[in-house]
2 protein chains.
Amino acid sequence: MRADAKKNYEHILAVANVVVTKHGANASLRDIARKAGVGLGTLYRHFPTRAALLDALLRTGFDELTAKARELETASSPDDALVSWLRDVVTFTGNYQGVVAAMTAAMEDTESALHASCVTLRTAGTRLLTRTQAEGLARTDMNGDDLFSLAAALAWLGDQPSSAPRAEHLFRIIASAILSNRASGD
Amino acid sequence: MRADAKKNYEHILAVANVVVTKHGANASLRDIARKAGVGLGTLYRHFPTRAALLDALLRTGFDELTAKARELETASSPDDALVSWLRDVVTFTGNYQGVVAAMTAAMEDTESALHASCVTLRTAGTRLLTRTQAEGLARTDMNGDDLFSLAAALAWLGDQPSSAPRAEHLFRIIASAILSNRASGD
DNA sequence: ACCTGAACACCGTTCAAGT
DNA sequence: ACCTGAACACCGTTCAAGT
């Protein structure tokens, strides 16, 4: 990558971080290009899709969450590790309003630039869940997809002004559901 | 209302039902007007906001859900009534992709044309929840807002292709969390 | 009273033309 | 190689002009 191109890339990303933090994952790309003082085509050259931009924006955070999962795997009891990590995931994605919808969409679309990151995240969660289940501390009728879905739902609730005030409480309700070690109960 | 106006009103609503069912709650209003063979201003005259259109579209269903809640209150055991009603709410809103976001927004915005319907729905749910709690069959650290949030989250999950296949399973997980009669668990 | 559609200010996306 | 911004096909919303 040429030096000037790299500079543009970095600058667009920095501006995007500000704009997306403020206006959410559906922020105007035109607006980002404008604020970055760059042509609209330049933004598209570096980030051919919105998912590509979001992935570049979130990858550092995703990597940190993956690393965190590994630490927790040895440092904490299984149930504490799972809940603590889940909280981190929800908190992080909650920083970017609307990003969780992009993530659930990317989960299904293997062509999405966000796909790999989401799969990595799900894998990390699955490991923590499996470990907790093995100790009989989490319900066994759940898999990593369910965990990802519940995390996404909690993040989405955090985006809704009507639910946000009780987000922590809703988190605890769902966390307790995961940790109840019953078989598929109805 | 003049006869021709009424006819337009009804026809727009019928077309909107088709379009919103197919393309979701954010469907193009222009498209609806076009397909209804009506000027764009006519649509805005009858439905000044998107929320007003959605409310007109959903009110029948909301009324049915409210009536259903009353029936269940006398016909079923508290826990069965609550879960059965919750499932109906989730199923109904799940028919219109994206409508649940409009509902959570309307919950906070007293000026929204959807506000009253959402409050009515929440009230119906609160009654079923309170009754279940009184019998010691639902966790007591929850209120009607939480129930509404959890219903919304489940409906939202149903809209996400990555979660939809396990929507029923996720429903059961959350339903079981509501029905676990423990105090505020950590 | 009610309807129409042009007008305005925005989008996302593409691509010829420039350096 | 990379950048620019006009062009295209869409939006939501308003409102003067028509019937």
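Note on naming: letters A, B, ... go to the chains in the order of the sequence lines (proteins, then strands), and numbering restarts at 1 for each one.
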Item checked: d(CZ, B/Arg34; C1', C/dC3) in whole Å -> 18 Å
Note to self: On the side chain of B/Arg30, is there an atom forming a donor-acceptor pair with the base of D/dG12 - under 3.5 Å, no angle test?
What the structure shows: yes
Next item on the list: Please assess B/Ile178 against B/Asp146 for the test side chain to side chain contact (heavy atoms under 4.5 Å, CB included), listing each intermediate value before the final yes or no.
Entry: CA-CA 10 Å; B/Ile178 297 171; B/Asp146 298 326; over 6 Å; no
Next item on the list: When you get a sec, tell me which of C/dC3, D/dC11, C/dC11 is the closest nucleotide to the side chain of A/Ser28?
Entry: C/dC11
Checklist line | Ion pair A/Arg131/A/Glu73, N-O distance below 4.0 Å | finding: no
Note to self: Students often get this wrong, so: under 4.0 angstrom with heavy atoms, is B/Ala27 touching a base, only sugar-phosphate, or nothing?
What the structure shows: sugar-phosphate
Next item on the list: Could you go through the side chain to side chain contact (heavy atoms under 4.5 Å, CB included) check for A/Thr49 and A/Tyr44 one step at a time?
Entry: CA-CA 7 Å; A/Thr49 63; A/Tyr44 272 93; over 6 Å; no
Checklist line | Donor-acceptor contact present, side-chain A/Arg122 to main-chain A/Asp145, <3.5 Å | finding: no
Margin query: Using side chain to side chain contact (heavy atoms under 4.5 Å, CB included), reason through B/Phe62 and B/Thr120 one step at a time and then give a plain yes or no.
Written below: CA-CA 8 Å; B/Phe62 284 159; B/Thr120 303; over 6 Å; no
Checklist line | For C/dC15, the Watson-Crick or wobble counterpart (both distances under 3.5 Å) | finding: D/dG5
Item checked: Between P of C/dT13 and CG of A/Leu29, the distance in whole Å -> 7 Å
Checklist line | Whole-Å distance separating the CG atom of B/Asn8 from the C1' atom of C/dA1 | finding: 12 Å
Check: Between atom CZ in A/Arg45 and atom C1' in D/dC2, what is the gap in whole Å?
Finding: 5 Å
Next item on the list: Using a strict 4.0 Å threshold on nitrogen-to-oxygen distance, state whether B/Asp31 and B/Lys35 make a salt bridge.
Entry: yes
Notebook entry, point to check: What integer distance in Å separates A/Lys6:NZ from D/dA1:C1'?
Noted result: 16 Å
Margin query: Can you measure A/His46 atom NE2 to C/dT13 atom P for me and round it to whole angstrom units?
Written below: 17 Å
Notebook entry, point to check: Rounding to a whole Å, what distance do you find between A/His23:NE2 and C/dC10:C1'?
Noted result: 14 Å
Item checked: Base-contact (B) and sugar-phosphate-only (S) positions in nucleotides 14-19 of chain D, heavy-atom cut-off under 4.0 Å, - elsewhere -> BB----
Check: In terms of side-chain heavy atoms of B/Ala5, which of D/dT4, C/dC3, C/dC11 is nearest?
Finding: C/dC3
Next item on the list: Show your reasoning for whether side chain to side chain contact (heavy atoms under 4.5 Å, CB included) applies to B/Met142 and B/Leu150.
Entry: CA-CA 11 Å; B/Met142 260 187 72; B/Leu150 292 176; 4.1 Å; yes
Margin query: Without decimals, in angstroms, what is the distance between B/Lys7 NZ and C/dC3 P?
Written below: 12 Å
Note to self: Counting the atoms with a prime plus P, OP1 and OP2 as sugar-phosphate, which does A/Arg50 contact under 4.0 Å by heavy atoms, base, sugar-phosphate, or nothing?
What the structure shows: sugar-phosphate
Notebook entry, point to check: Which nucleotide, C/dT4, D/dC11, C/dC11, lies nearest any side-chain atom of B/Thr42?
Noted result: C/dT4
